[in-house]
Amino acid sequence: MGETLKLPLIDLSSSDGISTSKSIRQACVESGFFYLINHGVEDELIKRVFDESKKFFSLPVEEKMKLERKGLTGYTPMYSETLDPTLKTGDLKESIYIGPLNGVDHVQNQWPSEEVLPSWRSTMESYYGKLISTVKRLITLIASALNLDENFFEDVGALHNPMGFVRLLHYPGEQIASNKEIYGASAHSDYGMVTLLVTDGVRGLQICKEKDKQTRIWEDIPHVDKFDNERAFIVNIGDMMERWTNCLFRSTLHRVTLITEERYSVAFFFEPNDDCLVECLKSCCSEKSPPRFPPIRSGDYLCTRFNLSYASEL
């Protein structure tokens with residue numbers, strides 16, 4: 001394992017919004033990662049999510065494959081995803097995506113049979129709703145951290161029917177005898193705006209702050225114990241936010257190494273409305289620092305990135 005990195009703690013319940021925004025800005029500029037505490041998602045609900053996740057991944061493969069990924073949602077079996085295009089083997093993990101609950105035309109969620117998992121859907125829907133509320137509060141602070149009006153992302157349409165995805169992940173904890181380089185999740189940056197991750201406490205997550213250097217230095221991100229009966233989320237900035245901020249905020253490379261312990265985690269990827277135009281913020285460019293990326297529609301950008309990770313077309 002690498003060196004252990006201490007990330008800052010961001011308190012979402014703090015009454016000092018200015019200080020919190022400054023702390024978020026510093027974290028996003030320095031590493032693109034931070035812990036989020038006092039976020040309002042009860043630990044009892046998170047525990048239920050993990051319990052239901054374990055029940056799903058314990059099902060026979062043929063039962064899980066009934067929900068095989070179609071488009072942006074569903075089950076992805078072992079080795080089906082390649083996050084690092086330089087590797088010849090897919091990642092040693094399985095997952096299931098749950099998309100927006102507000103009836104987006106091109107996103108159809110796939111739910112396990114209630115006869116098999118009677119509490120699964122209701123648990124995930126409750127969790128999804130809580131996360132949407134939490135992330136919207138966080139986004140207002142991120143806007144302030146960028147010297148924008150706190151309602152900026154609401155005003156440009158990013159938060160109108162946003163594209164949020166819950167992803168349940170299972171790493172089997174197997175050591176594979178192979179001459180190929182295999183990871184639980186190979187080196188990648190997230191595609192979208194912001195990601196919230198909660199883990200079961202098993203190690204494995206690492207980040208590399210200098211992704212453009214030839215020799216990469218990986219640092220471990222440790223699990224954080226509960227605060228006031230809530231688990232801390234690990235938050236990281238995605239590529240879309242990096243584009244928006246002209247690389248001021250970092251979309252940092254991260255990976256999950258292969259370990260002998262079984263590992264579960266739950267990620268929430270928050271993406272803007274499909275039609276939202278992502279273009280360099282005026283507060284993040286100047287004559288000396290012109291925009292590095294052309295404007296692009298959020299939905300087009302995400303489809304391109306998903307197609308690079310999976311063999312099938314969306």
Quick one: do [X] and [Y] make a salt bridge, cutoff under 4.0 Å?
X	Y	value
Glu52	Lys55	yes
Arg263	Asp200	no
Asp51	Lys47	yes

Pairs meeting criterion side-chain hydrogen bond (donor to acceptor under 3.5 Å, both in side chains) with involvement of residues 119-134, two or more places apart: Glu42-Lys130, Arg121-Glu125
Are [Y] and [X] linked, directly or through intermediate hydrophobic residues, by side-chain heavy-atom contacts shorter than 4.5 Å (ILVMFWY only)?
X	Y	result
Leu101	Leu196	yes
Met241	Phe293	no
Tyr183	Ile234	no
Phe50	Ile96	yes
Leu138	Ile18	no

Under 4.5 Å between any side-chain heavy atoms of [X] and [Y], yes or no?
X	Y	answer
Met78	Leu92	yes
Leu168	Val49	yes
Trp111	Ile98	yes
Arg243	Ile296	yes
Tyr35	Pro222	yes
Tyr301	Val278	no
Glu210	Arg250	yes
Met65	Glu62	no

Has [X] got a side-chain atom pairing as donor or acceptor with [Y]'s backbone, closer than 3.5 angstrom?
X	Y	value
Thr82	Asp84	no
Arg255	Ala185	no
Arg167	Phe269	no
Glu242	Ser251	yes
Thr73	Gly99	no

Once rounded to the nearest 0.5 Å, what's the spacing between atom [atom1] of [X] and atom [atom2] of [Y]?
X	Y	atom1	atom2	value
Glu81	Ser95	CD	OG	6.5 Å
Ser186	His254	OG	NE2	10.5 Å
Cys285	Asn246	SG	CG	6.0 Å
Leu141	Thr20	CG	OG1	6.0 Å
Arg25	Leu248	CZ	CG	5.0 Å
Glu63	Ser58	CD	OG	12.5 Å

I'd like to check the ring pair (Phe, Tyr, Trp, His ring centres under 6.0 Å) partners of [X]; sequence neighbours left out, ordered by chain and number.
X	value
Phe57	His170
Phe249	none
Phe233	His39

Audit row: Leu131, Val166, side-chain contact (heavy atoms from CB on, under 4.5 Å) steps and yes/no: CA-CA 9 Å; Leu131 285 170; Val166 170; 4.1 Å; yes
side-chain contact (heavy atoms from CB on, under 4.5 Å) involving Leu277 - partner list, sequence neighbours excluded: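 With sequence neighbours excluded, Leu277 shows a side-chain contact (heavy atoms from CB on, under 4.5 Å) to Glu279, Pro295, given in chain and number order.
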What pair of heavy atoms forms the shortest contact from [X] to [Y], and how long is it?
X	Y	value
Pro112	Phe56	CG-CD1, 4.0 Å
Pro162	Ala158	CB-O, 3.8 Å
Lys93	Pro172	CA-CD, 4.5 Å
Leu253	Ser189	CD2-N, 4.0 Å
Asn161	Asn273	O-ND2, 3.7 Å
Thr76	Arg69	CG2-CD, 3.7 Å

Qualifying residue for side chain to side chain donor-acceptor pair (under 3.5 Å) with Tyr75, from Lys70, Gln110, Lys66, Glu94: Glu94
Partner of Arg305 by salt bridge (Lys or Arg N to Asp or Glu O under 4.0 Å), out of Asp239, Asp300, Asp190: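 Single salt bridge (Lys or Arg N to Asp or Glu O under 4.0 Å) partner of Arg305 among Asp239, Asp300, Asp190: Asp239.
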Do any side-chain atoms of residues 142-157 form donor-acceptor pairs under 3.5 angstrom with protein atoms, and if so which ones, sequence neighbours left out?
from: Ser144; atom 1: OG; to: Thr140; atom 2: O; distance (Å): 3.2
from: Asp149; atom 1: OD2; to: Asn151; atom 2: N; distance (Å): 2.8

Side chains of Asn38 and Asp11, donor plus acceptor under 3.5 Å: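 Looking only at side-chain atoms, Asp11 and Asn38 do form a donor-acceptor pair, the distance falling under 3.5 Å.
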